[in-house]
Amino acid sequence: MYTQSLDIPDPSSATAPSGLRPVPEPVSAETAALQARFDAAIDADRKIEPRDWMPEAYRRTLVRQISQHAHSEIVGMLPEGNWISRAPSLKRKAILLAKVQDEGGHGLYLYSAAETLGTSRDQMLDALHAGKAKYSSIFNYPTLTWADVGVIGWLVDGAAIMNQVPICRCSYGPYARAMIRICKEESFHQRQGFESLMAQMQGTAAQREMVQDAVNRWWWPVLAMFGPPDADSPNSAQGMRWGIKRISNDELRQKFVDATVPQAKILGVTLPDPELKWNEATQRHDYGAIDWDEFWATVNGNGPCNKERLATRVKAHEDGQWVRDAALAHAAKQRTRTLKEAA
Ligand SMILES: [Fe+2]
Ligand SMILES: [Fe+2]
(Lines give C-alpha, C1' and ligand atoms only; values in the text may rest on other atoms or scores of the structure.)
(Ligands and ions follow the chains in the order given, each with its own letter.)
Protein backbone atom coordinates (compact mmCIF):
# COMPACT_ATOMS: atom_id res chain seq x y z
CA MET A 1 0.00 0.00 0.00
CA TYR A 2 1.39 3.38 -0.94
CA THR A 3 -0.98 5.59 1.00
CA GLN A 4 -1.49 5.87 4.71
CA SER A 5 -4.50 4.57 6.59
CA LEU A 6 -7.80 6.29 5.89
CA ASP A 7 -8.61 6.10 9.55
CA ILE A 8 -7.37 9.57 10.46
CA PRO A 9 -10.23 11.45 12.13
CA ASP A 10 -11.20 15.04 11.56
CA PRO A 11 -9.25 17.11 14.14
CA SER A 12 -12.41 19.07 14.96
CA SER A 13 -14.13 15.88 16.09
CA ALA A 14 -14.36 15.72 19.87
CA THR A 15 -14.18 11.93 19.80
CA ALA A 16 -10.90 11.78 17.86
CA PRO A 17 -8.32 9.67 19.69
CA SER A 18 -5.65 12.15 20.72
CA GLY A 19 -2.81 10.06 19.32
CA LEU A 20 -4.16 10.57 15.83
CA ARG A 21 -4.72 14.31 16.01
CA PRO A 22 -2.15 16.66 14.47
CA VAL A 23 0.15 17.47 17.37
CA PRO A 24 -0.59 21.02 18.58
CA GLU A 25 2.34 23.35 18.31
CA PRO A 26 3.97 23.67 21.73
CA VAL A 27 5.44 26.91 22.92
CA SER A 28 8.88 28.35 23.65
CA ALA A 29 11.94 26.12 24.10
CA GLU A 30 9.99 23.00 23.30
CA THR A 31 8.79 24.50 20.00
CA ALA A 32 12.33 25.48 19.14
CA ALA A 33 13.54 21.94 19.79
CA LEU A 34 10.76 20.45 17.66
CA GLN A 35 11.42 22.94 14.89
CA ALA A 36 15.13 22.08 15.01
CA ARG A 37 14.32 18.37 14.74
CA PHE A 38 12.00 19.06 11.79
CA ASP A 39 14.64 21.21 10.05
CA ALA A 40 17.28 18.51 10.59
CA ALA A 41 14.98 15.89 9.02
CA ILE A 42 14.40 18.14 6.00
CA ASP A 43 18.13 18.89 5.66
CA ALA A 44 18.96 15.17 5.84
CA ASP A 45 16.26 14.44 3.22
CA ARG A 46 14.33 12.23 5.66
CA LYS A 47 10.58 11.86 5.22
CA ILE A 48 8.12 13.65 7.49
CA GLU A 49 5.33 11.26 8.53
CA PRO A 50 1.77 12.02 9.75
CA ARG A 51 2.53 11.63 13.46
CA ASP A 52 5.71 13.75 13.35
CA TRP A 53 5.59 17.32 14.59
CA MET A 54 5.51 19.79 11.70
CA PRO A 55 5.16 23.57 11.43
CA GLU A 56 1.55 24.62 10.91
CA ALA A 57 2.45 26.46 7.67
CA TYR A 58 4.04 23.27 6.27
CA ARG A 59 0.89 21.31 7.09
CA ARG A 60 -1.39 23.97 5.57
CA THR A 61 0.71 24.21 2.40
CA LEU A 62 0.56 20.44 1.94
CA VAL A 63 -3.19 20.27 2.55
CA ARG A 64 -3.69 22.97 -0.07
CA GLN A 65 -1.35 21.38 -2.61
CA ILE A 66 -2.45 17.75 -2.16
CA SER A 67 -6.15 18.61 -2.17
CA GLN A 68 -5.75 20.77 -5.30
CA HIS A 69 -3.94 17.87 -6.88
CA ALA A 70 -6.72 15.45 -5.89
CA HIS A 71 -9.38 17.83 -7.25
CA SER A 72 -7.44 18.09 -10.54
CA GLU A 73 -7.51 14.31 -10.91
CA ILE A 74 -11.25 13.97 -10.46
CA VAL A 75 -12.21 17.09 -12.45
CA GLY A 76 -9.74 15.84 -15.07
CA MET A 77 -11.96 12.81 -15.58
CA LEU A 78 -14.69 15.04 -17.06
CA PRO A 79 -13.26 16.35 -20.37
CA GLU A 80 -12.24 12.84 -21.44
CA GLY A 81 -15.22 11.11 -19.86
CA ASN A 82 -17.32 12.98 -22.43
CA TRP A 83 -15.73 10.83 -25.13
CA ILE A 84 -16.12 7.34 -23.64
CA SER A 85 -19.44 6.76 -25.38
CA ARG A 86 -18.10 8.19 -28.66
CA ALA A 87 -14.70 6.46 -28.89
CA PRO A 88 -14.19 5.27 -32.49
CA SER A 89 -13.55 1.58 -31.67
CA LEU A 90 -13.98 -0.94 -28.86
CA LYS A 91 -10.19 -0.93 -28.33
CA ARG A 92 -10.07 2.87 -27.91
CA LYS A 93 -13.12 2.78 -25.65
CA ALA A 94 -11.50 0.17 -23.38
CA ILE A 95 -8.26 2.18 -23.19
CA LEU A 96 -10.08 5.43 -22.43
CA LEU A 97 -12.27 3.79 -19.79
CA ALA A 98 -9.17 2.41 -18.06
CA LYS A 99 -7.43 5.77 -18.23
CA VAL A 100 -10.36 7.76 -16.82
CA GLN A 101 -10.75 5.16 -14.06
CA ASP A 102 -7.05 5.56 -13.22
CA GLU A 103 -7.59 9.31 -12.78
CA GLY A 104 -10.39 8.59 -10.29
CA GLY A 105 -7.98 6.29 -8.43
CA HIS A 106 -5.32 9.03 -8.36
CA GLY A 107 -7.85 11.37 -6.77
CA LEU A 108 -8.58 8.76 -4.09
CA TYR A 109 -4.90 8.13 -3.21
CA LEU A 110 -4.40 11.88 -2.93
CA TYR A 111 -7.49 12.57 -0.79
CA SER A 112 -6.21 9.79 1.50
CA ALA A 113 -2.76 11.41 1.66
CA ALA A 114 -4.34 14.79 2.51
CA GLU A 115 -6.49 13.18 5.22
CA THR A 116 -3.32 12.12 7.08
CA LEU A 117 -2.77 15.85 7.69
CA GLY A 118 -5.97 16.17 9.70
CA THR A 119 -8.43 17.36 7.08
CA SER A 120 -11.40 15.28 5.94
CA ARG A 121 -12.59 14.26 2.51
CA ASP A 122 -15.93 15.98 3.15
CA GLN A 123 -14.18 19.26 3.94
CA MET A 124 -12.09 19.04 0.79
CA LEU A 125 -15.03 18.13 -1.45
CA ASP A 126 -17.21 20.85 0.08
CA ALA A 127 -14.51 23.42 -0.77
CA LEU A 128 -14.32 22.11 -4.35
CA HIS A 129 -18.08 22.08 -4.83
CA ALA A 130 -18.47 25.56 -3.34
CA GLY A 131 -15.97 26.85 -5.91
CA LYS A 132 -13.48 27.78 -3.16
CA ALA A 133 -10.79 25.20 -3.97
CA LYS A 134 -8.64 25.37 -7.07
CA TYR A 135 -7.80 22.63 -9.54
CA SER A 136 -5.56 22.60 -12.62
CA SER A 137 -6.51 25.32 -15.13
CA ILE A 138 -6.14 22.88 -18.03
CA PHE A 139 -9.37 20.98 -17.30
CA ASN A 140 -11.44 24.07 -18.06
CA TYR A 141 -10.81 23.71 -21.79
CA PRO A 142 -13.27 21.85 -24.04
CA THR A 143 -12.67 18.53 -25.81
CA LEU A 144 -14.16 19.31 -29.21
CA THR A 145 -13.01 16.30 -31.26
CA TRP A 146 -11.63 12.77 -30.78
CA ALA A 147 -8.14 14.16 -31.49
CA ASP A 148 -8.42 16.18 -28.26
CA VAL A 149 -8.46 12.93 -26.28
CA GLY A 150 -5.15 11.88 -27.85
CA VAL A 151 -3.65 15.32 -27.31
CA ILE A 152 -4.70 15.31 -23.65
CA GLY A 153 -2.86 11.99 -23.18
CA TRP A 154 0.23 13.13 -25.06
CA LEU A 155 0.55 16.72 -23.80
CA VAL A 156 -1.52 17.07 -20.62
CA ASP A 157 -0.48 13.75 -19.10
CA GLY A 158 3.03 14.38 -20.46
CA ALA A 159 3.13 17.71 -18.59
CA ALA A 160 1.68 16.03 -15.50
CA ILE A 161 4.51 13.47 -15.53
CA MET A 162 7.12 16.24 -15.78
CA ASN A 163 5.45 17.98 -12.82
CA GLN A 164 4.82 14.89 -10.72
CA VAL A 165 8.00 12.81 -10.99
CA PRO A 166 9.88 15.26 -8.69
CA ILE A 167 7.00 14.99 -6.15
CA CYS A 168 7.94 11.30 -5.68
CA ARG A 169 10.84 12.80 -3.66
CA CYS A 170 8.60 15.20 -1.69
CA SER A 171 9.49 15.47 2.02
CA TYR A 172 5.99 14.41 3.15
CA GLY A 173 5.94 10.58 3.13
CA PRO A 174 2.30 9.84 2.24
CA TYR A 175 2.32 12.30 -0.68
CA ALA A 176 5.64 11.01 -2.04
CA ARG A 177 4.48 7.37 -1.86
CA ALA A 178 1.14 8.11 -3.56
CA MET A 179 3.03 9.82 -6.39
CA ILE A 180 5.19 6.77 -7.15
CA ARG A 181 2.17 4.75 -8.15
CA ILE A 182 0.46 7.65 -9.89
CA CYS A 183 3.50 8.37 -12.07
CA LYS A 184 3.63 4.77 -13.27
CA GLU A 185 0.04 5.09 -14.48
CA GLU A 186 0.60 8.55 -15.99
CA SER A 187 3.30 7.04 -18.17
CA PHE A 188 0.70 4.67 -19.68
CA HIS A 189 -1.65 7.65 -20.19
CA GLN A 190 0.96 9.61 -22.12
CA ARG A 191 1.86 6.65 -24.34
CA GLN A 192 -1.73 5.78 -25.20
CA GLY A 193 -2.33 9.40 -26.24
CA PHE A 194 0.74 9.48 -28.46
CA GLU A 195 -0.15 6.12 -30.00
CA SER A 196 -3.72 7.22 -30.73
CA LEU A 197 -2.45 10.41 -32.42
CA MET A 198 0.07 8.38 -34.42
CA ALA A 199 -2.79 6.23 -35.78
CA GLN A 200 -4.76 9.36 -36.71
CA MET A 201 -1.73 10.96 -38.39
CA GLN A 202 -1.43 7.87 -40.59
CA GLY A 203 -5.09 8.20 -41.61
CA THR A 204 -6.81 10.68 -43.93
CA ALA A 205 -5.94 14.35 -44.54
CA ALA A 206 -9.04 15.31 -42.53
CA GLN A 207 -7.79 13.26 -39.56
CA ARG A 208 -4.35 14.88 -39.74
CA GLU A 209 -6.00 18.32 -39.81
CA MET A 210 -8.10 17.38 -36.79
CA VAL A 211 -4.94 16.42 -34.84
CA GLN A 212 -3.16 19.64 -35.84
CA ASP A 213 -6.18 21.70 -34.79
CA ALA A 214 -6.24 19.99 -31.39
CA VAL A 215 -2.49 20.58 -30.91
CA ASN A 216 -2.99 24.26 -31.82
CA ARG A 217 -5.68 24.65 -29.14
CA TRP A 218 -3.92 22.73 -26.34
CA TRP A 219 -0.26 23.74 -26.69
CA TRP A 220 -0.39 27.12 -24.92
CA PRO A 221 -2.75 26.10 -22.08
CA VAL A 222 -0.44 23.10 -21.45
CA LEU A 223 2.61 25.36 -21.13
CA ALA A 224 0.67 27.56 -18.70
CA MET A 225 -0.20 24.45 -16.64
CA PHE A 226 3.28 24.54 -15.06
CA GLY A 227 2.22 27.68 -13.24
CA PRO A 228 3.39 31.30 -13.27
CA PRO A 229 7.02 32.23 -14.02
CA ASP A 230 9.44 31.74 -11.12
CA ALA A 231 9.70 35.50 -10.62
CA ASP A 232 5.93 35.62 -9.93
CA SER A 233 5.77 32.52 -7.67
CA PRO A 234 6.36 33.89 -4.17
CA ASN A 235 5.59 30.55 -2.48
CA SER A 236 8.07 28.54 -4.53
CA ALA A 237 11.17 29.33 -2.45
CA GLN A 238 9.50 28.17 0.76
CA GLY A 239 8.20 25.05 -1.00
CA MET A 240 11.75 24.29 -2.14
CA ARG A 241 13.12 24.87 1.39
CA TRP A 242 10.59 22.37 2.77
CA GLY A 243 11.38 19.79 0.12
CA ILE A 244 7.79 19.91 -1.19
CA LYS A 245 8.77 21.48 -4.50
CA ARG A 246 11.98 20.17 -6.05
CA ILE A 247 12.17 21.87 -9.46
CA SER A 248 10.94 25.39 -10.34
CA ASN A 249 7.99 26.09 -12.68
CA ASP A 250 10.16 27.59 -15.42
CA GLU A 251 12.67 24.75 -15.28
CA LEU A 252 9.89 22.12 -15.53
CA ARG A 253 8.30 24.01 -18.44
CA GLN A 254 11.65 24.14 -20.25
CA LYS A 255 12.25 20.43 -19.73
CA PHE A 256 8.76 19.73 -21.10
CA VAL A 257 9.32 21.86 -24.22
CA ASP A 258 12.69 20.20 -24.86
CA ALA A 259 11.19 16.72 -24.47
CA THR A 260 8.12 17.46 -26.61
CA VAL A 261 9.66 19.08 -29.71
CA PRO A 262 11.23 15.82 -31.01
CA GLN A 263 7.99 13.92 -30.29
CA ALA A 264 6.04 16.47 -32.38
CA LYS A 265 8.48 15.87 -35.23
CA ILE A 266 7.91 12.11 -35.07
CA LEU A 267 4.15 12.67 -35.09
CA GLY A 268 4.36 15.13 -37.96
CA VAL A 269 2.56 18.01 -36.23
CA THR A 270 3.64 21.64 -35.92
CA LEU A 271 3.73 23.22 -32.47
CA PRO A 272 1.90 26.57 -32.84
CA ASP A 273 4.73 28.91 -31.83
CA PRO A 274 6.68 30.80 -34.51
CA GLU A 275 9.31 31.70 -31.90
CA LEU A 276 10.00 28.08 -30.96
CA LYS A 277 13.56 27.27 -32.02
CA TRP A 278 16.71 25.48 -30.85
CA ASN A 279 19.19 27.75 -29.08
CA GLU A 280 22.73 26.54 -29.69
CA ALA A 281 24.16 28.62 -26.85
CA THR A 282 21.81 27.35 -24.11
CA GLN A 283 21.36 23.90 -25.69
CA ARG A 284 17.62 24.31 -25.12
CA HIS A 285 14.60 25.53 -27.03
CA ASP A 286 13.52 29.16 -26.91
CA TYR A 287 9.76 29.66 -27.00
CA GLY A 288 7.27 32.54 -27.25
CA ALA A 289 5.39 34.44 -24.56
CA ILE A 290 2.60 32.73 -22.62
CA ASP A 291 -0.70 34.61 -22.19
CA TRP A 292 -0.80 34.87 -18.39
CA ASP A 293 -4.01 36.94 -18.43
CA GLU A 294 -5.80 33.95 -19.95
CA PHE A 295 -4.20 31.65 -17.36
CA TRP A 296 -5.34 33.78 -14.40
CA ALA A 297 -8.83 34.26 -15.86
CA THR A 298 -9.15 30.46 -16.12
CA VAL A 299 -7.73 29.83 -12.64
CA ASN A 300 -10.15 32.41 -11.23
CA GLY A 301 -13.24 30.74 -12.65
CA ASN A 302 -13.64 32.47 -16.03
CA GLY A 303 -12.17 29.92 -18.44
CA PRO A 304 -14.21 28.37 -21.27
CA CYS A 305 -15.67 25.46 -19.22
CA ASN A 306 -15.23 26.32 -15.50
CA LYS A 307 -18.95 26.57 -14.78
CA GLU A 308 -19.82 23.45 -16.74
CA ARG A 309 -17.09 21.39 -15.01
CA LEU A 310 -18.16 22.46 -11.54
CA ALA A 311 -21.84 21.85 -12.27
CA THR A 312 -21.08 18.35 -13.64
CA ARG A 313 -18.93 17.54 -10.59
CA VAL A 314 -21.60 18.71 -8.13
CA LYS A 315 -24.27 16.72 -9.98
CA ALA A 316 -22.08 13.58 -9.97
CA HIS A 317 -21.57 13.99 -6.22
CA GLU A 318 -25.28 14.45 -5.58
CA ASP A 319 -26.21 11.53 -7.84
CA GLY A 320 -23.78 9.36 -5.85
CA GLN A 321 -25.34 10.17 -2.46
CA TRP A 322 -27.30 6.90 -2.40
CA VAL A 323 -24.06 4.92 -2.84
CA ARG A 324 -22.46 6.66 0.15
CA ASP A 325 -25.64 6.17 2.19
CA ALA A 326 -25.74 2.47 1.29
CA ALA A 327 -22.04 2.00 2.17
CA LEU A 328 -22.54 3.66 5.56
CA ALA A 329 -25.68 1.61 6.27
CA HIS A 330 -23.80 -1.56 5.33
CA ALA A 331 -20.87 -0.65 7.60
CA ALA A 332 -23.26 0.08 10.49
CA LYS A 333 -24.98 -3.28 9.97
CA GLN A 334 -21.64 -5.10 9.96
CA ARG A 335 -20.63 -3.34 13.16
CA THR A 336 -23.85 -4.30 14.92
CA ARG A 337 -23.44 -7.90 13.79
CA THR A 338 -19.82 -8.04 15.03
CA LEU A 339 -20.84 -6.56 18.39
CA LYS A 340 -23.70 -9.09 18.73
CA GLU A 341 -21.36 -11.98 17.92
CA ALA A 342 -18.83 -10.74 20.47
CA ALA A 343 -21.52 -10.45 23.20
FE1 LIG B 1 -3.72 11.29 -12.97
FE1 LIG C 1 -3.31 10.80 -16.31
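What you see below is based on every heavy atom in this structure, not just the backbone, and it leaves out hydrogens, waters and symmetry mates. One-based numbering, in listed order, for ligands and for the atoms of each. The first residue of the sequence shown is numbered 1, and numbering continues consecutively from there.
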Handout entry: Opening angle at the Fe ion (ligand 2) [OE1, Glu186; OE2, Glu103; to 10 degrees]
Key =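 Angle OE1(Glu186)-the Fe ion (ligand 2)-OE2(Glu103): 160°, rounded to 10°.
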Practice task
Output yes when a side-chain donor or acceptor of Asp258 lies under 3.5 Å from a complementary backbone atom of His285, and no otherwise.
Solution key: yes
Problem - Linked, directly or transitively: Leu276 and Leu267 (ILVMFWY side chains, under 4.5 Å) - result: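 Result: yes, single cluster for both.
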Fill in the blank from the handout: Restricting Asp157 to its N/O/S atoms, the closest one to the Fe ion (ligand 2) is OD1
Exercise for the section: Determine which of the N, O or S atoms in His189 is closest to the Fe ion (ligand 2) and give its atom name. Expected result: ND1
Exercise for the section: Work out the angle at the Fe ion (ligand 1) between OE1 of Glu73 and ND1 of His106, rounded to 10°. Expected result: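 Glu73 OE1 and His106 ND1 form an angle of 100° at the Fe ion (ligand 1).
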Handout entry: Value rounded to 0.5 Å, distance of NZ in Lys245 from OG in Ser236
Key =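 The distance works out to 5.0 Å.
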Practice task
May I ask you to check whether Trp278 and Glu280 show a side-chain donor-acceptor distance below 3.5 Å?
Solution key: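 Glu280 and Trp278 do have a side-chain donor-acceptor pair below 3.5 Å.
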